[in-house]
Trainee: 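If you scroll down you'll find the structure; I have some questions about it.
FYI, side chains are in, hydrogens and waters are out, and symmetry mates aren't considered; it's all heavy atoms of this structure.
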Amino acid sequence: MDSGNDESDSSDDEGVFTAANVADLDLNYRSSDDDGAEDSSKQDESDEDEEGEDVELDKDQLNDILMEDSDEDPQDILEHHAGADKALAKLIKMKQEARKAGQAALERVDIAIRMRCVVLLETALSYPSLLEDSAILMAILPILRTRRSIDKEAMSGKVGANKDARLSEKKSLADRLSSMLQKKICKVRLTGISDLSGEELSSACAARSELATHILEEAKKSPSTIHSDCCSLSLVLTMKSLPQDDCGAVIVAEDVYSEALQEWSQKKTTKLKSSLFDVFIVRSPSLARIVMVRPLVNVAQNARSAFLKAESFRLLADLYRVSRTDESPLSAAAMKSLEESASLAVSSLSSTLQDDDMTTTKRLRDPLKATAELIAFGTAHCRSDGALWNEFGKVSELLESLGANSKSQGVKKQCQSLVKKISEGGNEGRSETVKSSSSKKKKKKKNKE
């Protein structure tokens with residue numbers, strides 16, 4: 001009997017140890033059945049807590065998850081929270097879509113409000129005589145900045161849901177702003193500030209000079225050609241709003257356009273375009289002739305590429321075009337500037353025609369065009385300028401050599417034509433010089449008698 005009891009006790013012990021092993025308990029820390037019972041109750045409580053944690057959701061934590069990186073693809077976010085069950089994943093996705101839809105609706109409302117503001121501005125600008133010059137100029141910079149931000153958003157494509165409709169609305173707003181700047185604001189005839197004097201005049205000039213600087217900075221950030229054109233027109237309008245004299249428009253234009261030419265010709269990553277100078281030459285030729293001729297001659301020799309050198313000669317040709325005139329008070333000063341810089345411009349042509357990069361058929365077109373315009377200008381206004389025609393003589397020799405060696409029939413004919421015009425102009429210039437010298441001698445004889 002005793003042996004039977006012993007066997008039953010050992011079997012009971014083995015059962016206990018087996019159960020403990022299954023339950024993954026450390027037997028070294030279990031001294032009695034009571035401890036085991038207490039342990040099991042704690043285990044049950046911890047299991048209940050874990051089950052409770054699986055059910056409960058922390059609202060703050062959920063909102064944090066929903067708010068961060070809302071522009072990303074929901075699938076990407078869910079990959080970072082792989083433990084979320086299907087219901088939670090669906091809830092996150094629904095809340096994100098609702099938030100994006102709300103943002104899209106707010107943005108469309110904002111675009112609609114801006115469009116109404118544009119309509120009101122256009123209505124006001126239809127009666128420019130009722131507006132002060134300062135009010136019109138004050139509108140330029142905010143419009144340019146708004147237009148640039150819309151352009152950048154439209155080009156980046158970050159417009160979210162219903163992006164096609166919203167992109168179309170943004171482009172429509174940008175086009176409306178461009179039209180208002182080009183056809184309304186920049187065509188207004190400003191009354192000027194000639195009536196001001198003293199401190200008022202100085203303050204007005206300083207404000208408009210600062211505006212011109214800011215517009216140039218906008219042009220340097222232009223995301224598109226249209227925006228660059230808007231900046232070009234706005235800059236010319238600002239120049240016209242200044243007193244047209246050496247102390248007003250000339251000083252400001254020299255600072256602004258010299259800086260622009262320097263960056264355009266030397267900085268590889270610049271967003272400035274040659275249209276900035278084209279618009280200036282067409283809209284304000286006299287002021288452009290005063291401030292741009294010498295800097296352009298320098299650029300024609302020292303620009304960082306053959307293309308920019310050719311563009312410089314194209315601009316010089318426009319400046320020296322005899323038919324280009326205006327009724328500006330600066331007309332006489334502009335003509336004097338052209339005459340004083342003519343020899344320097346022809347000398348730069350001599351250097352260019354000896355540059356191998358510039359003597360290709362593709363690059364020769366603009367220097368030859370500039371040569372033709374300079375010959376016409378010299379014939380019309382500088383017949384008695386011996387230094388100028390001496391420089392033309394050097395150019396003539398180079399043209400003869402180019403024409404003889406060129407494989408292009410067009411280049412040969414153009415070189416021959418220019419050589420002939422230089423010869424005719426030089427002969428006329430020498431005859432004019434002889435006539436003037438003889439007339440001076442006759443006057444001296446009469447005075448002696």
Trainee: Could you tell me which residues satisfy salt bridge (charged side-chain N to carboxylate O under 4.0 Å, His left out) with Glu259, sequence neighbours excluded, listed by chain and number?
Mentor: Lys220
Trainee: Under a 3.5 Å distance rule, please check whether Ser401 uses its side chain to pair with a backbone N or O of Leu398 as donor and acceptor.
Mentor: no
Trainee: Check whether any side-chain heavy atom of Ser284 sits under 4.5 Å from a side-chain heavy atom of Met239, and report yes or no.
Mentor: no
Trainee: Does a sphere of radius 6.0 Å around CG in Leu190 hold more than 12 heavy atoms from other residues, nucleotides or ligands, not counting ones at 6.0 Å or beyond?
Mentor: yes
Trainee: Sequence neighbours left out, what pairs pass salt bridge (charged side-chain N to carboxylate O under 4.0 Å, His left out) with at least one residue falling in residues 386-410?
Mentor: Glu391-Lys394
Trainee: Minimum heavy-atom separation for Leu272 to Ala260, with atom names?
Mentor: CD1-O, 3.7 Å
Trainee: OG of Ser408 to NZ of Lys362: how many Å apart, nearest 0.5 Å?
Mentor: 14.5 Å
Trainee: Tell me the salt bridge (charged side-chain N to carboxylate O under 4.0 Å, His left out) pairs involving residues 237-249, sequence neighbours left out?
Mentor: none
Trainee: Can you name the closest pair of heavy atoms from Asp385 and Ser343 and give their distance?
Mentor: OD2-OG, 4.1 Å
Trainee: Can any side-chain N or O of Tyr320 pair as donor or acceptor with the backbone N or O of Leu338 at less than 3.5 Å?
Mentor: yes
Trainee: Which residues pass the side chain to side chain contact (heavy atoms under 4.5 Å, CB included) test with Thr325, sequence neighbours left out?
Mentor: none
Trainee: Can a donor-acceptor pair be found, under 3.5 Å and without considering hydrogens, that links the side chain of Ser337 to the backbone of Ala333?
Mentor: no
Trainee: Pairs in or reaching into residues 327-346: which pass salt bridge (charged side-chain N to carboxylate O under 4.0 Å, His left out), with residues at least two apart or in two chains?
Mentor: none
Trainee: Determine the minimum heavy-atom distance between Trp264 and Leu315, stating which atoms define it.
Mentor: CH2-CD1, 4.3 Å
Trainee: Strictly below 4.0 Å, N to O, side chains only: are Arg321 and Asp318 in salt-bridge contact?
Mentor: yes
Trainee: Hey, what do you get for CG (Leu418) to NZ (Lys369), rounding to the nearest 0.5 Å?
Mentor: 13.0 Å
Trainee: Looking at Cys205 and Pro243, what are the two nearest heavy atoms and their distance?
Mentor: SG-CD, 3.7 Å
Trainee: Output all residues satisfying side chain to side chain contact (heavy atoms under 4.5 Å, CB included) with Glu200, sequence neighbours left out; order by chain, then residue number.
Mentor: Leu196
Trainee: For residues Leu353 and Leu364, determine if any side-chain heavy atom of one lies less than 4.5 Å from a side-chain heavy atom of the other.
Mentor: yes
Trainee: Are any non-hydrogen side-chain atoms of Val252 and Thr213 less than 4.5 angstrom apart?
Mentor: no
Trainee: Could you check whether any side-chain N or O of Ser406 sits under 3.5 Å from a backbone N or O of Gly403, counting only pairs where one atom can act as donor and the other as acceptor?
Mentor: no
Trainee: Donor-acceptor pair, distance only, cut-off 3.5 Å: does the side chain of Arg148 make one with the backbone of Lys221?
Mentor: no
Trainee: Run the side-chain hydrogen bond (donor to acceptor under 3.5 Å, both in side chains) test against Arg176 and tell me which residues pass, sequence neighbours left out.
Mentor: Glu122
Trainee: Rounded to the nearest 0.5 Å, how far does CD1 of Ile215 lie from CD1 of Ile140?
Mentor: 5.0 Å
Trainee: For Ser228, is there any backbone N or O sitting under 3.5 Å from a side-chain donor or acceptor partner on Ser232?
Mentor: yes
Trainee: Distance-only, no hydrogens or angles: does the Ser423 side chain make a donor-acceptor pair with backbone N or O of Val419 under 3.5 Å?
Mentor: no
Trainee: Looking at Met94, I'd like to know if its CE atom is crowded, meaning that more than 12 non-hydrogen atoms belonging to other residues, nucleotides or ligands lie closer than 6.0 Å.
Mentor: no
Trainee: Answer yes or no: is there an ion pair linking Asp175 with Lys171, defined by an N-O contact shorter than 4.0 Å?
Mentor: no
Trainee: May I ask you to decide if Leu242's main-chain N or O and Gln244's side chain share a donor-acceptor pair within less than 3.5 Å?
Mentor: yes
Trainee: Indicate yes or no for a side-chain donor-acceptor contact from Ser241 to the backbone of Thr238 under 3.5 Å, with no hydrogens or angles considered.
Mentor: yes
Trainee: Minimum heavy-atom separation for Phe280 to Ala288, with atom names?
Mentor: CE2-CA, 3.5 Å
Trainee: Using 0.5 Å steps for rounding, measure from the CD1 atom of Ile226 to the OG atom of Ser179.
Mentor: 11.0 Å
Trainee: For a quick test of reading the model, state the closest non-hydrogen atom pair linking Asp151 to Ser224 and the distance between them.
Mentor: OD2-OG, 2.7 Å
Trainee: Could you give all pairs that pass the salt bridge (charged side-chain N to carboxylate O under 4.0 Å, His left out) test and reach residues 272-301, with sequence neighbours left out?
Mentor: Asp278-Arg314
Trainee: Ser126 and Lys184: side-chain donor and acceptor closer than 3.5 Å?
Mentor: yes
Trainee: Identify, with sequence neighbours excluded, every residue that meets side chain to side chain contact (heavy atoms under 4.5 Å, CB included) alongside Ala303.
Mentor: Ser265, Val299, Leu308, Lys309
Trainee: Got a sec, which residues hit salt bridge (charged side-chain N to carboxylate O under 4.0 Å, His left out) with Arg363, two or more places apart in sequence or on another chain?
Mentor: none
Trainee: Is Arg365 atom CZ crowded by more than 12 heavy atoms from other residues, nucleotides or ligands, each under 6.0 Å away?
Mentor: no
Trainee: Partners of Lys267 by side chain to side chain contact (heavy atoms under 4.5 Å, CB included), sequence neighbours excluded?
Mentor: Glu263, Thr269, Thr270
Trainee: Say whether, by atom type as modelled, one donor and one acceptor occur between the side chain of Ser396 and the main chain of Phe392 under 3.5 angstrom.
Mentor: no
Trainee: Going by the rule side-chain hydrogen bond (donor to acceptor under 3.5 Å, both in side chains), which residues pair with Gln414 if we only count those two or more places apart in sequence or in a different chain?
Mentor: none
Trainee: Does Lys412 have more than 12 heavy atoms from other residues, nucleotides or ligands lying within 6.0 Å of its NZ?
Mentor: yes
Trainee: Flag yes if more than 12 heavy atoms outside Glu217 fall under 6.0 Å of its CD atom; otherwise flag no.
Mentor: yes
Trainee: Checking side-chain hydrogen bond (donor to acceptor under 3.5 Å, both in side chains) between Ser178 and each of Arg147, Lys183, His227, which is the one that passes?
Mentor: Arg147
